[in-house]
Amino acid sequence: MAVIRDKMPAFQLFQPSSTEEALGVLDRYGAEAWVLAGGLDSWDWFKDRVQKPAAVVDLGGIASLREIRSTDGGVEIGAMATLREVIRHPDVSGQFGILGQAASKAASPQIQNQGTLGGNVGQDTRCWYYRDGWSCYRAGGNICYADTPTAMNREHAILGASRCVAVNPSDTAPVLVALDAEMVVVNASGERVIPAQDFFIGPAVDIERMTALQPGDILTQIRIPSTWANARFYFEKARDRQVWDFPLANVASAAKVNNGVIEDIRIVANGVAPYPVRFIAAEDAVRGQQVGDQAADQAGQIAIRGVNPLAHNGYKVTLLRNLVTRSVRGEA
Amino acid sequence: MELFQWGTNPWGQEILIRVSWDLLYLSFWAGIAFIVFHVIYSAVWLPKLAREASSGEGSAAVAGVPDRIERHSLAARLFHWVMAASMLVLLVTGFFPIVGIQFPWVTIHWVAGVVLTISIIYHIVHSTFFLDFWSIWILPADLAEAAARVKRQLGQGDGGEIKKHGKYPLDHKLYHTSVMLAGLAVIATGLVMMFRIENALVARNAYLLAEETWGLMYMLHGLGAVLFVMLTLTHIYFAVRPDKIWLTKSMIFGSVSRDEYLSHHDPERWDVTTK
């Protein structure tokens, strides 16, 4: 087991005041550099001495990365905006209340004041086998310690696993996928804009990363188009401790409902797979149907097709089905 | 450069993970280096050397040689191309993610591995019972002959005649042996590694082997696989060389001409007149 120590390994701390300056440091240190946002994921890694970067680039001093503003096409949120700022910002709450709702369910108020939106979507999995520093698949090894008959895998994946069964723990990630958000990523070579759905990647594609971010990359901005502004939103998070905890499962849905008919809908869940899962088949099935039990039950049943529960997380199948059902029904 | 990757298990013990991917790059560049060397060798040195002995025209064995000689049956060619396709898919799906080209590769990889395995089983049965089994194996006579060829190339030969090849020259036999060894390594370990992934054929069981043994499996699989990078590069190089293209055509169309046969093969060692 990894031992938490009082002292972290030594590293060079950089506190740039501009994105360009930060990129320069990242370019110089390559894979030896670590991007620090709110620090809530990072400090665990450092204190456990599992991650030992040579350089830490603290983005906290880059004011432009904290801006939240409305545009003609929607809302742009700086990746370093804290969860609390996202919750309270009128442009966000006015059009995309579901994002603030999800952010308010992330951890505790103290953590929401420190944690950032970029950090919340970019955080690593909480699988304890992985975070304890053992040589599992995700850490570059050749085994998943959570996917064995005697493993502690109550919190792990029932969908989308490929060798590694860790889940993505973000509460805001499924909302951003549901809202068709775009992630703006910059590095020394330039800027690229990645749809949120493609930003989160599963172990089948890359078993050592949860997002498209590579060494040298900085997530600078999250753009939410107006496509789903003021839609009928639903977010629900199931967790062991209601005070603050990571999700056992959460669901986010955005629906355009006209005279009781679902004209269009997005349904996305997290905590059940290594990435936020969008249930396209369920969306297709309920599109054009009346909001009600029939459509909701159908969506719930479709969502659990192909699930593959582990030894101790079979309960997530029922949980996921019910969350998706409730999200379509729209009940609180 | 490292040869192996090591990790730590939950008991704090150091465990073997796999071969170091440094070997992938080493294998790639070794293949390129061999090709560059061979291009220079072929252009500079080879023309200065005496070629094989006389064509053998007029000997009794030549009299009955037909205009076209079947070199590879349809069954053998189908095997070769199925194996080649599956091997290329395995190399792409196995190594592209390592060099940074990411895509969902696992399912494609194991399916291609199963296709390769079936094709190899077919080949073993086919070559054992329906082909000239010993024609591809390295025999003591081949080694003695190879030594004579090397001496001749170094100008140390006794001037005696060195016969042309039978159906397969020594370099083909060496390549076949290398592919066989590397192939058996990746196939045997790959089949066991099926127990580590979600697939339609066997249920996952990470406890099938001890951790150290799994490490050995991954290491052997990786070692065979990186060898295939070099083997495949050199094979493709020879397949597209102008002076070898007649062999490549024979793997597509099945036959060689009488002239090609007489220029490269000894009718007494590969008798085609009895067919």
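Within every chain, numbering begins at 1; the chains are lettered A, B, ... in the order of the sequence lines, protein sequences first and strands thereafter. Because the structure is predicted, anything quoted here is derived from the model rather than measured.
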* Nearest 0.5 Å, what's the CD-CG distance between A:Glu32 and A:Leu26? ->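 If I round to the nearest 0.5 Å, the distance is 12.5 Å.
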* To do: Apply ring-ring contact (aromatic ring centres under 6.0 Å, His included) to A:Trp34 and A:Phe46, showing your working.
  => CA-CA 10 Å; A:Trp34 183 280; A:Phe46 300 163; 5.2 Å; yes
* Check whether the side chains of A:Asn270 and A:Tyr275 place a donor and an acceptor atom closer than 3.5 Å, and report yes or no. =>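 Absent: no donor and acceptor within the cut-off.
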* **Distance-only donor-acceptor check, side chains B:His176 and B:Tyr168, under 3.5 Å** =>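 Note: B:His176 and B:Tyr168 side chains miss the donor-acceptor criterion.
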* Counting heavy-atom pairs under 4.5 Å to chain B, which of A:Thr150, A:Thr148, A:Ile201 comes out on top? ->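 Highest number of pairs under 4.5 Å: A:Thr148.
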* If you count heavy-atom pairs under 4.5 Å with chain B, which of A:Cys144, A:Ser162, A:Gly141 comes out on top? ->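 That would be A:Gly141.
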* Less than 4.0 Å between a side-chain N and a carboxylate O, is that true for A:Asp180 and A:Arg266? ->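 Counted as a salt bridge, because a side-chain N and a carboxylate O are separated by less than 4.0 Å.
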* A:Glu283 and A:Arg278 ion-paired at < 4.0 Å ->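 A salt bridge is present here (some side-chain N lies under 4.0 Å from a carboxylate O).
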* Can you check whether B:Val202's main-chain N or O pairs, donor with acceptor, with B:Asn199's side chain at less than 3.5 Å? ->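 Side chain of B:Asn199 to backbone of B:Val202: a pair is present.
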* **Contacting region of B:Leu16 [heavy-atom separation from chain A under 4.5 Å]** =>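 For B:Leu16, the contact with chain A is made by the backbone alone.
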* Asked: Which atoms of B:Tyr218 come close to chain A, meaning under 4.5 Å heavy atom to heavy atom: side chain ones, backbone ones, both, or neither?
  ->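 Only the side chain of B:Tyr218 comes within 4.5 Å of chain A.
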* To do: Count the heavy atoms of every other residue, nucleotide or ligand shown that sit under 6.0 Å from OH of B:Tyr207, and state whether that count exceeds 12.
  =>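 Yes - once you tally the heavy atoms of other residues, nucleotides and ligands closer than 6.0 Å, there are more than 12.
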* **Interface moiety of A:Pro203 toward chain B, non-hydrogen atoms closer than 4.5 Å** =>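 Contact with chain B involves no heavy atom of A:Pro203 at all.
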* **Of all pairs that satisfy ring-ring contact (aromatic ring centres under 6.0 Å, His included), the ones with a partner from residues 135-157 of chain A, not counting sequence neighbours** =>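 Output for this query lists A:Trp128-A:His156, A:Trp134-A:Tyr145.
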* Asked: Where do B:Ala239 and B:Ile245 come nearest, in terms of heavy atoms and distance?
  ->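 Where B:Ala239 meets B:Ile245 most closely, the heavy atoms are O-CD1, 3.4 Å.
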* For B:Arg204, check salt bridge (Lys or Arg N to Asp or Glu O under 4.0 Å) against everything at least two apart and list the hits. =>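 With sequence neighbours excluded, B:Arg204 shows a salt bridge (Lys or Arg N to Asp or Glu O under 4.0 Å) to A:Asp147, B:Glu198, given in chain and number order.
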* A:Arg154 to A:Tyr315, cation-pi by 6.0 Å centre distance and 45° axis angle ->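 The answer is yes; both the distance and angle limits are met.
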* Asked: Residue by residue, which of residues 205-213 of chain A have a heavy atom closer than 4.5 Å to a heavy atom belonging to chain B?
  ->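 The stretch touches chain B at A:Val205, A:Asp206, A:Arg209.
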* Proximal to chain B - members of residues 184-194 of chain A, heavy-atom separation under 4.5 Å ->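 Those residues of residues 184-194 of chain A which would need a heavy atom under 4.5 Å from chain B do not exist here.
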